[in-house]
Chemist: 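Sharing a structure here in structure tokens format.
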Amino acid sequence: MLQFNPREFIDEKISLLKREIGGETAIVALSGGVDSSVTAVLGFKAIGKKLRAVFLEDGFMRIGEAEKISRVFEKLGISVNVYNVQREFLTALKGIRDAEEKRRAFRETFYETFSRIAKEAGAKIVLQGTIAADIVETAGGVKTQHNVLEQIGINPLEKYGFKIVEPLKELYKKQVRMVARELGLPDEIVNRRPFPGPGLAIRILGEVTEEKLSIIKKATAIVEEELADVECFQAFPVLLEGRATGVDRESNRKYGYMVALRIVESEDAITARYVRLDWAKLDRVRDMIIMNIPEVCRVLYDVSDKPPATIEFE
Ligand code: XMP
């Protein structure tokens, strides 16, 4: 798609969605990111109030996300129903250490919960913001993205009782952002850095616990705020497995958590380069993390590119 024209794409997709959905009720789960936001707006332009927008607070979303996305959509005249389903997700992930198993457990819990919510709403069609990179990575066996089902042999209609429609599946991130801008979405959504579907669950290496979740949530808020002005594709912290030795303020030895900072530039998430962050900025993020999260005693900077590393750690 060399000469991508977002206006034409929007018009084509709206007619296609109208045809594909017909008179049915459809549902879309927002995550706060650009892909699901664009999907939702296209859906509303196609079928209006027959599209229900929901936000699943699964416990692995960023602090304040539900309120933020509800506010943005409220301004567009679209109301978002927020469902608190944290307990189900924490229970489903309990005891799981392996990254792929975690993704599987997350995916199953996500679609089971979502299918219940869809049924309550009377929706048999799910609009989903899957983009080309999600499919390429899953099909290539790099990692199973939580939102890719058919490519790994799962029939959503048989398993969960709904049909999935993916209006963005041939686009890459850059084109999705062009469409978002053309649709009049605010800059904070158009330029939002990608956030993985399983959220903070895959940014805690090894088993997810409430303590670790609380640490990564605070660290994520700090990194996003401190590095908001850095030009990059993604900037986020990861909570490493295990502990390292440190000293507390009274000079007592303590075992603390380790946080790695992952800041990368990329076009399409298929390859990526680590960002050579300014040292003063790095010091400031480190200080904010150490000062505000006493459980952490070490902050590391990841200098790996993709390949050989992936962007996320899991
Ligand atoms: P990796 O880690 O494979 O990530 O280099 C490539 C891009 O995809 C995002 N990512 C995900 N997004 N569900 C998503 O919706 C997932 O399961 C998932 N895993 C990774 C990642 O943040 C990066 O932008």
Side-chain angles (χ1 to χ4, degrees), residues 28-40 55-56 58 60-62 65 69 89 92-93 96 98-111 114 126-152 154 164 166-169 171-177 189 191-205 208 216 220 223-224 227 232-240 260-275 302-314:
V28 62
L30 294 165
S31 67
V34 64
D35 306 341
S36 59
S37 298
V38 166
T39 305
F55 180 91
L56 269 60
D58 57 27
F60 303 119
M61 294 296 197
R62 289 164 285 190
E65 198 61 53
I69 197 70
F89 279 79
L93 265 74
I96 303 181
D98 177 76
E100 275 294 292
E101 252 182 76
K102 236 192 240 179
R103 282 167 181 275
R104 197 165 29 240
F106 183 93
R107 184 180 63 228
E108 277 164 18
T109 315
F110 179 85
Y111 284 108
F114 194 36
V126 167
L127 290 195
Q128 192 169 268
T130 319
I131 64 169
D134 302 340
I135 298 172
V136 170
E137 299 260 303
T138 301
V142 177
K143 50 185 83 163
T144 40
Q145 301 250 3
H146 84 289
N147 54 352
V148 175
L149 295 180
E150 273 158 291
Q151 288 79 3
I152 54 167
I154 297 174
I164 297 185
E166 296 167 316
L168 310 183
K169 71 177 173 204
L171 302 191
Y172 280 90
K173 209 65 164 192
K174 214 170 167 182
Q175 297 160 327
V176 179
R177 294 198 201 282
I189 299 286
N191 301 322
R192 194 102 198 250
R193 295 171 184 154
F195 185 69
L200 302 176
I202 58 162
R203 291 183 179 169
I204 293 169
L205 302 197
V208 170
I216 196 67
T220 302
V223 171
E224 291 200 348
L227 303 183
C232 64
F233 187 72
Q234 274 171 293
F236 58 87
V238 177
L239 187 57
L240 301 183
L261 299 177
R262 184 76 170 135
I263 299 145
V264 293
E265 48 191 33
S266 173
E267 278 274 312
D268 52 15
I270 304 290
T271 60
R273 278 162 54 90
Y274 85 88
V275 170
D302 186 356
V303 294
S304 324
D305 292 337
K306 175 183 181 179
T310 52
I311 296 178
E312 303 288 345
F313 275 42
E314 288 203 323

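Both ligands and their constituent atoms are indexed starting at 1 by order of listing. Everything numeric in this text was worked out from a predicted model, so none of it was measured. Along the sequence shown, the residues carry numbers beginning at 1.
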Chemist: Please report whether ligand 1 has a polar contact with G197, defined as an N or O pair separated by less than 3.5 Å (distance criterion only).
Modeler: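 Between G197 and ligand 1 (N or O atoms, distance only) the closest approach is under 3.5 Å.
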Chemist: I need the contact type for P196 against ligand 1. Using non-hydrogen atoms and a strict under-4.0 Å cut-off, is it side chain, backbone, both or neither?
Modeler: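 P196 to ligand 1: contacts from backbone and side chain alike.
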Chemist: Honestly, is R193 close enough over F233, meaning NZ or CZ under 6.0 Å from the six-membered ring centre and within 45° of the axis?
Modeler: no
Chemist: As an exercise, identify every atom of ligand 1 less than 4.0 angstrom from a heavy atom of P198.
Modeler: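 Under 4.0 Å from P198, ligand 1 has these atoms: 13 (N), 16 (C), 17 (O).
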Chemist: Taking C-beta and beyond as the side chain, do I69 and S36 meet within less than 4.5 Å on heavy atoms?
Modeler: no
Chemist: For T310, counting its heavy atoms only, list the atoms of ligand 1 lying under 4.0 Å from any of them.
Modeler: 1 (P), 2 (O), 5 (O)
Chemist: Go through ligand 1 atom by atom and flag the ones less than 4.0 Å from a non-hydrogen atom of P194.
Modeler: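 It comes down to these atoms of ligand 1: 24 (O).
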Chemist: Mind checking side-chain contact (heavy atoms from CB on, under 4.5 Å) for I96 and listing every partner two or more places apart, or none if nothing turns up?
Modeler: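 If we apply the side-chain contact (heavy atoms from CB on, under 4.5 Å) test to I96, skipping adjacent residues, the hits are E101, K102, A105.
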Chemist: N/O of D134 under 3.5 Å from N/O of ligand 1, yes or no?
Modeler: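 Between D134 and ligand 1 (N or O atoms, distance only) the closest approach is not under 3.5 Å.
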Chemist: Any sub-3.5 Å donor-acceptor pair from D58's side-chain atoms to F89's backbone N or O?
Modeler: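 Not confirmed, D58 side chain does not pair with F89 backbone.
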Chemist: Taking only heavy atoms of Q234 into account, list the atoms of ligand 1 that are under 4.0 Å away from them.
Modeler: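 What qualifies from ligand 1 is 21 (C), 22 (O), 23 (C), 24 (O).
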Chemist: Are any of the N or O atoms of K306 closer than 3.5 Å to those of ligand 1?
Modeler: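 Yes: some nitrogen or oxygen of K306 is under 3.5 Å from one in ligand 1.
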Chemist: Working to the nearest 0.5 Å, report the span between CZ of F313 and CZ of R262.
Modeler: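 Between F313 CZ and R262 CZ, I get 6.0 Å after rounding to 0.5 Å.
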Chemist: Can you name the nearest heavy-atom pair linking V136 to Y172, along with the distance?
Modeler: CG2-OH, 3.5 Å
